[in-house]
Amino acid sequence: MSTYSVSDASAAAAPRAAVTLSNLSGSYGVGLAASLAWLAFGLSCLYWPDVGDWSRTGSLGIGAIVIAAFILFGTFSADYLGGAGGALRKRAPWLLAFGAFVTLWELATAKFAWLPLPFFPPPQAILEVYTDDLPKLLDSVFASIKLQLGGYIIGATIGFLTGVSIGWSQKVGYWVHPVLRFIGPLPATAWLPIAFFTFPSSWSASTFLIALATGFPVTVLTWSGVASVSNAYYDVARTLGAKPSFLVLKVAIPAALPHVFVGLFMGLGSSFAVLVVAEMIGVKAGLGWYLQWAQGWAAYANMYAALIVMSLLCSGAITLLFRTRDRLLVWQKGVVKW
Amino acid sequence: MVVSSAAEAITYPAVGAELDIEGVSHAFDIDGAVLPVLDNVSLTIAPGEFVALLGPSGCGKSTLLRLVAGLEKPRTGTLREDEVRIAGPHPSRVVVFQDPTLFPWRSVWDNVALGLEAQGILKAQRHRVDDVIELVGLSSFRNAYPHQLSGGMAQRVALARALVNDPKILVLDEPLGKLDSLTRIAMQSELVALWQRKGFTTLLVTHDVEEALVLANRVIVLSDRPARIKADIAVARPYPRHRGDPYLADLRKQILGLLGLEATW
Ligand SMILES: Nc1ncnc2c1ncn2[C@@H]1O[C@H](COP(=O)(O)OP(=O)(O)O)[C@@H](O)[C@H]1O
Ligand SMILES: [Mg+2]
């Protein structure tokens, strides 16, 4: 599958990377340094006074020191911790880098104000959002997931069915192809103004837009997947007694599935963009709206907090899709690791 | 033209069907031009007979097999299986192509089960799949995926996928062409053993004269495109045959001559 040629490169690179990493952390040095970085972060929170008024500085400092203790303990007992110990070792360089980063961030914002406030809030301000504004944030998360999931499932289903139909039937292709060419390349967000007053609710309008953003790439890739199935497969199946329904369901669709997943990935990416814009402009809920609201109040910490959550959600969704793909396409030789 | 009557003295089990190719001509349209591929080919194959087709590359052998399989309709002439006109593909006539064309998303077992599944009789007949996988010696690979198989194993799976349907006519399009010579010889004997046991009619295309002589009751030599039957040669020799048999060596020389390759002998 040419689509997955990346996998060969990453597969070849992986063992080498693993070797150097294990050399690095073979000694306890990196783990120790990571622990020290987090200790430094904790102490920097507690030692200097804040330049502003933040209520979570103390708990953040103590939390960081607890993390430092955990890293220290984990580093020296990694051999007895089984899988968790190995995972910690592998991530020690990242823990070190991240510890150093938050320390620097803390110093540059809360302690010495090297970066202009309030545009660059300190870590404790973001922690404060997560503790004090949790209900609203969670509401937004659920609203976003609901909207995204509904639109994505509708768009992916319709896109898949359309793609199979035009890949299979020339008659359907004759009618749908020009429509697809005309509407497909248009960014879904261009429909926003129209959608918001033609649909009964902003929620249904957004669902439509997300479905549209998902549907186009899924349709095109499913279509090309079905169209590129080798005739040899159909010949074999036909001589073995296959009827047209079997050819579609058991030959064309499985053969096209790798392409379909590429479409699903692309659709996911473009639908995220639509989701955020739709929430900012029309829907009065969700993380996009939360961002908008936070900007209105100049609550910069809330914006960063929401961004972090959003990024975790998007990344989680992509991971989920990759897992599904890996499970369904075990028969493929090499696939991209996410 | 060397035409000798087919080895009628040999009796065949009744499983195989008679294949009747009558005045078949075929052509393809390429860029508006007509490319004649088969020219008035007539051939009757008795039930259970093993016939090999030999001919220059590109002469139309695969095209003839596609017509027999019912994947295409001839421009003129008719093909009949047991007196019934062939109008489309049917699992009583199964083709094994040169490329094994296994479905990469199906395990070995599921590939072999394809025919029964397509005909909607898999549920009641699962043992047939197991039996035929056993027959081709791949029981320990039943759950493997095609990319985990060697070329010879893949071709055996393709053979099993055909045999599971208990075909009356087995059509083989250079099925061993891509295998190394050792695997090839091993699979040739397996093929003869299978054919003798099952009794299906076999139509084999090969570019290997020796293979044709070791396997077939009858060797049909085709001309350059458009293919006409140049010779119909009976190979009246019992199985298992020996490659060094002087009778076969004689025939080989004769056939190479027909193919215009005396010089290489
Ligand atoms: N579907 C097709 N369309 C056009 N030309 C074809 C098609 N299939 C085969 N041919 C042509 O017919 C000729 C015979 O092909 P084929 O039967 O595959 O030969 P071979 O004897 O090597 O199996 C070749 O010249 C090939 O180019
Ligand atoms: Mg051929």
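Below, all heavy atoms of this structure are taken into account, side chains as well, without hydrogens, waters or symmetry copies. Each chain gets a letter, A, B and so on, in the order its sequence line appears, and its residues count up from 1.
Taking the six-membered ring where tryptophan is involved, the planes of B:Phe50 and B:Trp195 are perpendicular, since the angle between them exceeds 60° and thus also 30°. Using a 30° and 60° split on the angle between ring planes, A:Phe261 and A:Phe265 fall in the tilted class, from 30° to 60°.
Looking at B:Leu102, only its backbone comes within 4.5 Å of chain A, counting heavy atoms on both sides. Only the side chain of B:Arg106 comes within contact range of chain A, with at least one heavy atom under 4.5 Å from a heavy atom of that chain. For chain A, the nearby part of B:Phe97 is the side chain; its heavy atoms alone come within less than 4.5 Å. For chain B, the nearby parts of A:Tyr233 are the backbone and the side chain; heavy atoms of each come within less than 4.5 Å. With a 4.5 Å cut-off on non-hydrogen atoms, B:Glu117 touches chain A through its backbone and its side chain both.
Environment of NZ in B:Lys61: crowded, with over 12 heavy atoms of neighbouring residues, nucleotides or ligands closer than 6.0 Å. No more than 12 heavy atoms of other residues, nucleotides or ligands shown are found within 6.0 angstrom of CZ on A:Phe142.
B:Leu53 pairs in a side chain to side chain contact (heavy atoms under 4.5 Å, CB included) with only one of the listed residues (B:Leu64, B:Asp173, B:Thr206), which is B:Leu64. Checking B:Leu43, B:Thr63, B:Leu38 one by one against B:Val24, the side chain to side chain contact (heavy atoms under 4.5 Å, CB included) holds for a single residue, B:Leu38.
Listed options B:Gly70, B:Ala118, B:Ala162 were ranked by heavy-atom pairs under 4.5 angstrom with chain A; first place goes to B:Ala118. Chain A forms more heavy-atom pairs under 4.5 Å with one residue of B:Gln119, B:Gln148, B:Arg93 than with any other, namely B:Gln119. Note: B:Leu114 leads B:Leu114, B:Asn165, B:Val164 in heavy-atom pairs under 4.5 Å with chain A.
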